[in-house]
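For reference, the structure is listed below as structure tokens.
Chain letters run A, B, ... following the sequence lines, proteins first, then strands; residues in each count from 1.
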Amino acid sequence: MFRELIENHALGNAIRLSIMLYLLPRGRVLFKELLEILEITPGNLDSHLKRLERENYVKLRKIIADRPRTTVEITEKGAEEVGRYLQTLKRVVERFDGIR
Amino acid sequence: MEDVGELKDVLERIEAKLIAAGKIYSAIQFQIWLIAMVLYYLIIFPLSVVPWQLTAAYWILALIAFAYFSSKIWKRLINLFRSHGKDARSSPAFGMGISLSWICGSIVGWMLIPKTLSDLQIHQSLAIGFLSFISISVFGMFLTFLYIAKSFEKEMIPAFLIPAVAIPAIQSISGGHMVYAGFSIAFAFSLTVIAYLFSAFRTIR
């Protein structure tokens with residue numbers, strides 16, 4: 001159970017987990033929106049998103065709105081993985097709570 | 001150990017927000033139907049005669065728009081269901097159950113009922129068919145949620161119960177049968193939307 005948490009390096013980071021949790025109910029958001037929510041630098045956000053994209057948890061797309069924008073979309077695999085991660089985290093917490 | 005309690009609290013809040021998001025998306029789906037139906041009445045009310053071509057074109061376009069928005073919402077709902085682990089709502093059986101509900105509702109409401117109630121006025125039998133179509137289809141969806149997804153969607157109850165209860169009154173109405181049927185469904189769906197929103201806010205309270 002703990003191994004599962006430790007081994008998921010992509011979600012074992014607070015910013016990446018926050019990105020996934022923000023995306024889960026929304027499906028797709030703008031890069032700019034994530035920047036405002038997370039209050040991190042564009043370079044930092046970009047590196048986290050690239051990491052999530054490598055794992056196939058998100059898809060990055062360029063769109064033309066009022067100006068060229070980047071959208072971030074959660075994938076099926078991403079939704080499944082973040083769900084699994086949350087369930088594992090919950091089980092671990094429940095186990096600790098039982099000991100307490 | 002205080003951290004564990006805090007983490008548990010955070011996880012519970014995340015779970016509640018995800019459940020609430022799912023309920024809000026369900027409310028939006030019923031709301032889209034409501035908009036399509038009410039807009040139809042707004043279009044036809046100023047007309048003295050409603051050409052069948054207008055009705056046909058409107059509902060074909062409305063169904064296309066509904067399918068488009070529904071597929072967008074459904075995609076997000078499926079992701080939310082997936083995040084709850086191996087949820088049956090993301091399975092093909094669940095999708096088939098939902099489709100079958102609407103197919104059965106269409107066959108009974110738009111084919112069998114107008115044919116078997118041919119002794120009634122055309123508008124009366126169409127209104128009964130319309131109410132039956134919605135009632136059977138939504139009831140089928142309710143059963144699909146209950147038996148395949150093991151989820152008791154109590155918010156859906158008004159959406160199939162009220163159209164069913166409205167059927168017996170059709171025969172005692174002298175005119176405006178389709179308007180009566182439409183408003184019964186609009187009332188029923190409005191209650192379902194409110195119920196979903198209420199559940200969503202109660203979950204995150």
Side-chain angles (χ1 to χ4, degrees), chain A residues 1-2 4-6 8 10-30 33-34 37-38 52-53 55-59 61 63 71-100, chain B residues 1-29 31-32 68-92 94-95 149-151 196-197 199-205:
Chain A
M1 197 193 295
F2 293 100
E4 221 175 296
L5 284 178
I6 296 161
N8 196 328
L11 295 177
N13 171 288
I15 292 175
R16 286 196 288 270
L17 187 59
S18 303
I19 293 170
M20 293 303 286
L21 288 175
Y22 189 75
L23 274 171
L24 196 55
R26 291 168 180 84
R28 187 170 60 175
V29 296
L30 288 174
E33 192 180 332
L34 282 175
I37 294 291
L38 297 167
L52 291 171
E53 195 181 28
E55 300 287 340
N56 196 22
Y57 290 177
V58 298
K59 258 188 232 163
R61 280 205 188 106
I63 59 156
T71 63
V72 186
E73 191 178 350
I74 193 165
T75 62
E76 285 177 12
K77 187 186 173 195
E80 259 169 39
E81 285 301 322
V82 75
R84 195 173 300 149
Y85 193 81
L86 284 178
Q87 298 301 324
T88 313
L89 209 52
K90 205 173 150 191
R91 282 202 303 274
V92 171
V93 168
E94 273 163 8
R95 188 175 281 190
F96 268 108
D97 211 35
I99 299 167
R100 196 152 61 132
Chain B
M1 279 293 176
E2 258 179 41
D3 290 345
V4 177
E6 207 175 304
L7 184 58
K8 191 182 174 194
D9 186 44
V10 168
L11 284 172
E12 277 168 5
R13 273 188 288 156
I14 289 171
E15 201 175 24
K17 282 191 177 181
L18 293 176
I19 292 169
K23 291 200 180 286
I24 290 169
Y25 281 130
S26 301
I28 292 173
Q29 281 200 308
Q31 188 62 43
I32 291 171
Y68 173 76
F69 287 116
S70 279
S71 70
K72 294 230 160 213
I73 292 168
W74 194 244
K75 211 173 147 190
R76 288 179 191 186
L77 270 173
I78 289 288
N79 276 344
L80 282 172
F81 299 153
R82 280 200 180 100
S83 74
H84 292 119
K86 266 224 165 285
D87 197 296
R89 283 173 286 196
S90 54
S91 72
F94 182 77
K150 312 276 178 232
S151 164
Y196 269 121
L197 292 179
S199 295
F201 286 112
R202 208 176 49 179
T203 312
I204 49 176
R205 194 168 55 192

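- Only the side chain of Glu15(B) comes within less than 4.5 Å of a heavy atom in chain A; its backbone stays farther off.
- Residue Tyr22(A) places its OH atom among more than 12 non-hydrogen atoms of other residues, nucleotides or ligands, all under 6.0 Å distant.
- When all heavy atoms are compared, the tightest approach of Thr75(A) to Asn79(B) is O-OD1, 4.2 Å.
- A distance of 4.5 Å separates CG of Leu21(A) from CD1 of Ile14(B), quoted to the nearest 0.5 Å.
- Applying the side-chain contact (heavy atoms from CB on, under 4.5 Å) test to Tyr68(B) and every residue at least two apart in sequence or in another chain returns Lys72(B).
- Side chains of Leu7(B) and Val92(A) form no contact here, defined as non-hydrogen atoms less than 4.5 Å apart.
- Nearest heavy-atom pair, Val93(A) versus Lys8(B), reported as atom, atom and distance to 0.1 Å: CG1-CB, 3.4 Å.
- Note that the CG atom of Leu18(B) and the CG atom of Leu24(A) stand 5.0 Å from one another [nearest 0.5 Å].
- Of the possible polar contacts, one joining the Arg76(B) side chain to the Arg26(A) backbone as a donor-acceptor pair under 3.5 Å is found.
- Applying side chain to side chain contact (heavy atoms under 4.5 Å, CB included) to Lys75(B) and the options Glu76(A), Glu73(A), Arg28(A) leaves one that passes, Glu73(A).
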